[in-house]
Student: 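For reference, the structure I am asking about is given below.
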Amino acid sequence: MILAGDVGGTKTLLGLFDHDAARPRPVRTAEFKTLDYPDLGAMIDELTSEPAARTVSIDAACFGVAGPVIGDTAELTNVPWRIEARAIAGRFGFPRVDLLNDLQAMAYGVTVLEASEIHVLQAGESRPGGNMGLLAAGTGLGEALLHTVGGRFVPVPSEGGHADFAARNEREITLLRQLIARFGRAQVEDVVSGPGLRNIHDATHSGACAGVRDLDSRDAPAAIAAAALGRRCDGCVEALEMFVEAYGAEAGNLALRGVATGGVFVGGGIAPKILPAISDGRFMRAFLDKAPFVSLLAAMPVKVILNPETGLLGAAVFAARQR
């Protein structure tokens with residue numbers, strides 16, 4: 001049996017998988033609020049102490065984590081945790097434990113997704129042997145590339161979400177100035193993420209918000225998006241439009257950096273929840289607005305991942321391949 005995990009800034013998914021198929025089959029999965037636990041080990045304890053899991057023999061484990069992985073250690077970006085693969089292996093007696101960046105894990109999941117688990121924004125034409133790109137906005141912004149090596153996709157981690165935000169017009173320049181004044185520098189993640197939508201909201205409201213009651217709540221980004229989709233507040237509508245355009249522009253940047261002629265995938269928790277806004281044309285116009293490479297980008301498939309457990313699945317895929 002495989003133990004897989006997708007450790008995020010807001011929630012963590014853990015699952016036990018049967019590894020006897022090309023796509024590992026989930027036997028038991030559970031969701032945890034990340035900050036409700038002192039460490040990853042406490043979540044593993046809770047999952048493996050359940051009656052149905054006590055007799056299970058785990059021969060490999062892999063965890064995708066929201067932060068850079070150096071060697072066998074990860075420091076999470078938005079959670080005050082340090083995760084060490086050797087410590088997890090020793091504590092639970094697992095023969096093998098691997099840590100991946102969360103987007104690297106999600107990229108392994110992309111390779112086994114079915115057609116029903118994606119929404120096509122641009123059909124394009126995937127070129128055999130071409131690279132692919134993946135980005136996912138949630139609590140933060142993650143990015144990864146899938147390079148084609150020897151006929152197989154090899155996911156490569158990135159911290160591209162923490163690169164500098166590139167403003168493209170006067171409206172975004174105003175936002176950029178506000179972010180620099182507040183944070184000292186503006187990262188892409190300060191715009192394209194849940195907290196990023198909240199930052200944009202500040203820029204589009206000079207007074208009270210007609211659509212959101214509690215802007216200090218952890219759920220404020222979702223409330224802003226809901227107010228925008230319901231067209232209950234003009235400022236929220238503008239904020240979501242700016243968010244979608246910035247998301248599309250960054251997807252285009254990633255596509256160029258990786259020459260992603262195999263396609264670009266948009267993951268994370270936000271995109272499926274705002275699919276009408278992602279699909280109204282703004283995202284793709286910003287994606288394509290990269291002269292002189294409009295034709296190159298127009299040929300790339302662009303797809304939204306609908307399966308919310310793709311990162312967890314990808315961690316299981318990686319663990320199965322290492323056995």
Side-chain angles (χ1 to χ4, degrees), residues 1-77 79 81-113 117 136 138-139 142 144 155 157 267-269 305 307-323:
M1 193 73 68
I2 288 171
L3 172 63
D6 180 13
V7 185
T10 300
K11 69 177 182 180
T12 292
L13 297 174
L14 295 181
L16 295 170
F17 287 78
D18 185 339
H19 50 67
D20 290 336
R23 171 169 164 157
R25 180 178 61 85
V27 176
R28 171 78 175 96
T29 62
E31 179 177 318
F32 305 84
K33 291 184 178 180
T34 303
L35 291 174
D36 285 354
Y37 293 79
D39 54 29
L40 176 60
M43 296 180 188
I44 298 173
D45 269 329
E46 185 171 316
L47 179 72
T48 56
S49 65
E50 295 179 0
R54 288 175 185 168
T55 59
V56 168
S57 176
I58 296 172
D59 51 16
C62 178
F63 304 95
V65 299
V69 177
I70 308 299
D72 68 350
T73 301
E75 299 277 357
L76 274 69
T77 304
V79 177
W81 284 7
R82 177 184 175 90
I83 301 176
E84 297 181 356
R86 291 182 184 179
I88 294 291
R91 177 173 172 177
F92 295 97
F94 299 152
R96 180 184 181 114
V97 176
D98 290 289
L99 299 181
L100 303 177
N101 171 266
D102 58 340
L103 263 288
Q104 186 181 16
M106 186 182 291
Y108 279 100
V110 164
T111 65
V112 297
L113 287 178
E117 296 173 297
T139 304
I305 298 171
N307 182 345
E309 297 188 357
T310 302
L312 179 66
L313 173 62
V317 169
F318 182 87
R321 292 179 181 177
Q322 305 311 305
R323 291 183 66 257

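Basis for what follows: all heavy atoms, side chains included, without hydrogens, waters or symmetry-related copies. Quick note: residue numbers are just sequence positions, from 1.
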Student: Who passes side chain to side chain donor-acceptor pair (under 3.5 Å) against Asp59, sequence neighbours left out?
Tutor: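 For Asp59, the residues satisfying side chain to side chain donor-acceptor pair (under 3.5 Å) (neighbours in sequence not counted) are Arg323.
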Student: Taking only residues at least two apart or on different chains, which pairs with a member in residues 26-47 satisfy ring-ring contact (aromatic ring centres under 6.0 Å, His included)?
Tutor: Phe32-Tyr37
Student: Considering non-hydrogen atoms only, spot the tightest contact between Ala105 and Gly64 and give its length.
Tutor: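 Looking at all heavy atoms of both residues, the closest pair is CB-CA, 3.9 Å.
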Student: Could you pull out all residues at least two apart from Phe17 that satisfy ring pair (Phe, Tyr, Trp, His ring centres under 6.0 Å)?
Tutor: none
Student: So how far is it from Phe63 CZ to Asp98 CG, rounded to the nearest 0.5 Å?
Tutor: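 It comes to 10.0 Å.
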Student: Distance check, rounded to the nearest 0.5 Å: Phe92 atom CZ versus Thr48 atom OG1?
Tutor: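 Answer rounded to 0.5 Å: 5.5 Å.
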Student: For residues 3-15, dump all side-chain donor-acceptor pairs below 3.5 Å to protein atoms at least two apart in sequence or in another chain.
Tutor:
from: Thr10; atom 1: OG1; to: Thr139; atom 2: OG1; distance (Å): 2.5
from: Thr12; atom 1: OG1; to: Thr34; atom 2: OG1; distance (Å): 2.9

Student: Once salt bridge (Lys or Arg N to Asp or Glu O under 4.0 Å) is applied, what residue pairs with a partner in residues 307-320 remain, sequence neighbours excluded?
Tutor: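 Listed by first then second residue: nothing to list.
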Student: State, with a plain yes or no, whether a side-chain heavy atom of Pro95 is found less than 4.5 Å away from one of Ile58.
Tutor: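 Heavy-atom side-chain distance check fails, nothing below 4.5 Å.
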Student: Between Leu100 and Phe318, is there a side-chain heavy-atom distance shorter than 4.5 Å?
Tutor: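 Yes - at least one pair of side-chain heavy atoms lies under 4.5 Å apart.
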Student: Is any side-chain heavy atom of Leu99 closer than 4.5 Å to a side-chain heavy atom of Thr73?
Tutor: no
Student: Locate the shortest heavy-atom distance separating Ala136 from Leu103; write the atom from each residue and the value.
Tutor: CB-CD1, 4.0 Å
Student: Mind listing the closest non-hydrogen atom pair of Met43 and Lys33 along with its distance?
Tutor: CE-O, 4.3 Å
Student: Mind checking side-chain contact (heavy atoms from CB on, under 4.5 Å) for Pro157 and listing every partner two or more places apart, or none if nothing turns up?
Tutor: Asn101, Gln104
Student: Where is the tightest heavy-atom contact between His19 and Ala320, given as atom of each residue plus distance?
Tutor: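 Shortest heavy-atom contact: CB-CB, 4.1 Å.
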Student: Would you give the length of the straight line joining atom CG of Leu47 to atom CZ of Arg28, rounded to the nearest 0.5 angstrom?
Tutor: 6.0 Å
Student: Please list, one pair per line, the donor and acceptor atoms closer than 3.5 Å that link side chains of residues 84-91 to other protein atoms, with sequence neighbours excluded.
Tutor:
from: Glu84; atom 1: OE2; to: Arg82; atom 2: NE; distance (Å): 2.9
from: Arg86; atom 1: NE; to: Asp72; atom 2: OD2; distance (Å): 3.2
from: Arg91; atom 1: NH2; to: Asp45; atom 2: OD2; distance (Å): 2.8

Student: Check side-chain contact (heavy atoms from CB on, under 4.5 Å) between Ala107 and all other residues, then give those that pass, not counting sequence neighbours.
Tutor: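 Expected list: Leu134, Leu146, Pro155.
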